[in-house]
Each structure stands twice: as C-alpha cells, then as structure tokens.
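As structure tokens, the structure follows; a few thoughts come after it.
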Amino acid sequence: MRMSSYFLPTLKETPSEAQIVSHRLMLRAGMIRQTSAGIYAWLPLGWKVLQKVSQIVREEQDRAGAQELLMPTIQSADLWKQSGRYEAYGKEMLRITDRHDREMLFGPTNEEMITDIFKTFVKSYKDLPRNLYHIQWKFRDEVRPRFGVMRGREFLMKDNYSFDLDAEGARLSYRKMFLAYLRTFARMGIKAIPMRADTGPIGGDLSHEFIILADTGESQVFCDKAWLDMDVLADNPDANGDLKDFFAKYTGIYAATEEMHDAEKAPADLVTARGIEVGHIFYFGTKYSAPMGAVVTGPDGQPVTVEMGSYGIGVSRVVAALIEASHDDAGIIWPDQVAPFKVALINLKADDEACRSTCDGLYARLQEAGVDVIYDDRNERPGAKFADMDLIGIPWQLTIGPRGLKAGTVELKRRATGEKLELPLEEALAKVTA
RNA sequence: CGGAGUGUAGCUCAGCCUGGUAGAGCGCUGCUUUCGGGAGGCAGAGGCCGGAGGUUCGAAUCCUCUCACUCCGACCA
C-alpha cells in the first residue's frame, strides 16, 4: 500500500475524550472514528487489524473442529420469550419494532437463535457432537460506554455453541475450546490467562475468563508466577485426544479474578496485576436446550436434551487490549502476527531519483515476496514519516535515504526494541522476508 | 440510573462573567526556504458559535426548553 493514496488520517494531537491509552492511540493512528456513544466506524487501518485478529480466531476455531456460519444481527423477540430471557435481559438489550409492530431486537448474544437452528435440523445422537460459531456484530446498550472499543455498545464478537449428548461429551467440548483459546491468544503474541469465573445468571458449573495482563486493565487479578513461563504452542497437546492431562495441568496453576481470589489458596509466588477480559467460556448444560426443546433421539430410542456450552471472544476488544499490552510513548507496537503491515518502507527523500527508484524496486520485490508492506512515498519531512510509522506500530521499518544509498546501506529498525541496523540492501531484504 | 461537566474551524482550545464586525496554535492549500526523528517564512481557504424559542436597537455571550457528547459512581451473560 502506498501511503500517498492510503486513507490514513493520523492525528498529532490527542482527542480530548480519550482516557485510556488504547483509545488515544486508536484515534491518533486513524484506526477508528466514533459515530455515536460507544459506536465506532473502523477505518482502513483499524479494519485491517480487526481482520487479522479475526482470522487467527477463525483458524483456531476451525482447528478445534468448530464450523463457521453467520447468523443475523437482528432477531425476533419470539425466540427470547421461549428462553425466558426477553424479560430477564433488561435494558441492555436494544429492542426495536418493525413496520408491522413486530418486536425485534439487535442481538446481544445468540444462544436462542443457534439453539433454534440446531433443534430444527439435528434429531439424532448420531449427529452429535456439533460446535458452531460465527463472528458477528453484537449490540449491548451499556449504560455508560467508555474506553473506546474496549467497552463499546456495538462490538465484534466470535461466539460459538457446542452441543453434546451428555455431560462427559460437553466437558470434552469445553476442554477443546479451552485449548483453542489458549492457542488463539498465544498466536496473537499475547498471554491470556484462564481464570476460574463465576458463572453468574447464565448458569452452569464450569466457566473460565481469559484475561490479558496489562497495567491499564480494568480489574485486579492474581496468578501464580509460573503462568508467565507457560507456552501452550510449545506444549502443543494432541487436539484430538481427551485433553484431560492438559486441562488438569493448566487449571492446576493458580489464577483468579478479584471476585474469586482466595488468599489462603494462593501460592507463594503470586503475581498481582491488572487484567482485561478478552474471552469467556461456559458449560451450562441444558439451560437453553430444555426450555427451547433441543432434544435428540438417543441410542436407546429415548429423547435426550442436549448439553450445551458457549464460548465468546470479544474480537474488537482484543484489538484494544493488544494495544494496552503493547505500546510506548511513540505509539502502538503491534505483535508481528496481528500487525496491519509487516514492513514499513520509508523513502526519506521522495523527490530524489535514486531514493525513489530504489524504493519502488524494493516495494515491488516485497510485494512479490508476499510481504504486507506499507510504502511511505509521500513528500513529507523525515520526522513526520518516522513519527507516523512509530505511531501505527509497524514491526519493521526499512528506511532508504540519500546518505545510506551513498554508503550502500539502508536502515532497518525493529519497532519493538528500537534497535537500528545499517545493512546492505539485500541483507535487510532477506531479514524482513525471512 | 444518581452526580458533575462540555458543545465555537478538521484537532486542541480562547472569547461568555461585564451583549456591540468570529479568534489562536496545530492541521489543510499555494509559493518559498528546507530536508536523517512531527523545522522556518509569506500568502490563503475554512464557522448559522449543537438546535429551537425568548429578552434586547443588537446575542457565541443573558434566560427557557431541547439534543448530543464526556467524566465520576453504581452497573457490566
């Protein structure tokens, strides 16, 4: 992408409404634009990151055997009356009526709808288990939206729902998602720690919140220091096995939110930190399948009410949480896996023939190599270019200027460490395409 | 939902108390001088002062209503 034609409205000054660093940086980096309280438009750069995050979520869901579909944002109130939640959900649910005065709502979650779809088509135990997910916009009419997309009213969420014949199967489905979630966040370059959670009004007896540690987190959390060295990608348990040992290992290490924290059970090596909830998984049995009649015929010919679980990742919130966990005074520091672009190609002197032709050539070669590159070909001053690239957090900055060209080198800077190397062009190219 | 605020240029804000031709910095456009971490100069564009009523010869400014947004708290499957 050439920066001269990219819609990237970066700001030098911080808009006054932004209180937390991720909100400030998302506004300054031209990622989002607020359109109403708690409602945001995602501009090209923000949308690109949101899609990268979504894609990792998607790949790990697929790997865990879940299947993607897409349910609508607008739902009929009838389904919610069946489950009893139409009244119970309260004012957080945005209720609307259509031209025929039919009661509708903008979905805050999809348990009712997925259960309805499931029960329509699945009639036999032979078709179990099933795990279905979608990545769709949700709306919860928060009393007081704040912190940008961290606590917005409209947000992008991955939610999925598992259906099993019995509790044993449901617990296996739960463990599979537990692994998928650990892998998902690990692949994004962040550490999300599962913490035993209160199941709350949704019911059920097994639930974990996935919490990212960040100084600016919204709640206090406690965990064993051992968590900091856990590496689920290195552990790589067999996703097709029963996952019992893996689950025991990872739930055996102390981690608790403030509500669940018990000082007496806490280990000596306790880390106290702030945390941001980015995912939440539940096993809730027949809470929805019973009232809504999600019943299959069992092996003995008798009806069985299916056992369900639901699993959510706040995809848009993850984007903000990543920034909370990874930034400095100059701006965002994207982990490589979710960065909107891998390489920033900076032409320091746009009207210099040698610089321009070298950059154009490099740009073409990077594109051919399949590297996601943003090319600053603008006729701006060097300082502005460096500042913009630091702000939007591109992992590698490849700087071409007249001084270096004369010496036969280019500058390669790593955003995360600030480390700068003067390298021959081919060497730098090899490094960023590796 | 309680409490406190704010709406003036794209952004950050001044002007309001004490009514009298709409302001600054940054950004934007052109020229110029520059050019390795958001330089300088000159010239310019850009506003129904959130909206509606009222008071007044005259309202960004005073009064009433209204809408939007922000912050603190409570809330947050």
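Sequence lines set the chain letters: A, B, ... in the order given, protein chains first and strands last, and positions in each chain run from 1. The model shown is predicted, which means the values in this text are computed figures rather than measured ones.
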message: Determine whether a donor-acceptor pair (one donor, one acceptor, N or O, separation below 3.5 Å) exists between the side chain of A:R85 and the base of B:A77.
response: no
Tabulate below the donor-acceptor pairs under 3.5 Å that side-chain atoms of residues 427-434 of chain A make, not counting sequence neighbours, or state none.
from, atom 1, to, atom 2, distance (Å)
A:T433, OG1, A:L429, O, 2.7
A:T433, OG1, A:A430, O, 3.4

task: Mind checking A:M389 for me? I need base, sugar-phosphate or nothing, with any heavy atom below 4.0 Å counting as a touch.
output: nothing
Below 3.5 Å is the cut-off: list the nitrogen or oxygen pairs between protein and nucleotides 39-43 of chain B, distance only.
from, atom 1, to, atom 2, distance (Å)
B:A39, OP2, A:R381, NE, 2.9
B:A39, N7, A:R381, NE, 3.3
B:A39, N7, A:R381, NH1, 2.9

query: Rounded to whole angstrom units, what separation is found between the CD1 atom of A:I281 and the P atom of B:A77?
result: 16 Å
field: Sub-6.0 Å ring centroid separation between A:F210 and A:Y181
entry: yes
task: Classify the angle between the aromatic ring planes of A:H208 and A:F247 as parallel (below 30°), tilted (30 to 60°) or perpendicular (above 60°).
output: perpendicular
- request: Look at the side chain of A:E13 and the base of B:G25, then say whether one donor and one acceptor between them are separated by less than 3.5 Å.
  value: yes
- request: Just say parallel, tilted or perpendicular for the rings of A:H23 and A:Y40, cut-offs at 30° and 60°.
  value: perpendicular
- prompt: Any chance CZ of A:R33 has more than 12 other-residue heavy atoms, nucleotides or ligands included, within less than 6.0 Å?
  reply: no
query: In terms of side-chain heavy atoms of A:D351, which of B:A77, B:G38, B:C35 is nearest?
result: B:C35
query: What about A:R151, does its side chain sit under 3.5 Å from the base of B:C76 through a donor-acceptor pair?
result: yes
message: Other residues, nucleotides and ligands only: do more than 12 of their heavy atoms fall within 6.0 Å of CD on A:E168?
response: no
statement: Minimal heavy-atom distance between A:S22 and A:A320, with the atoms involved, is CB-O, 3.4 Å
task: Would you mind classifying the nucleic acid contact of A:R153 as base, sugar-phosphate or nothing, using non-hydrogen atoms under 4.0 angstrom?
output: nothing
message: Below 30° counts as parallel, above 60° as perpendicular, anything between as tilted: where do the rings of A:F178 and A:F246 land?
response: perpendicular
task: May I ask you to say what A:T399 touches in the nucleic acid, namely base, sugar-phosphate or nothing, with a heavy-atom cut-off under 4.0 Å?
output: base
- line: Note: contacts of residues 400-417 of chain A with RNA chain B (heavy atom, under 4.0 Å) are A:G401, A:P402, A:R403, A:G404, A:E411, A:K413
- request: Measure from the side-chain heavy atoms of A:S16 and tell me the nearest of B:G37, B:U12, B:C76.
  value: B:U12
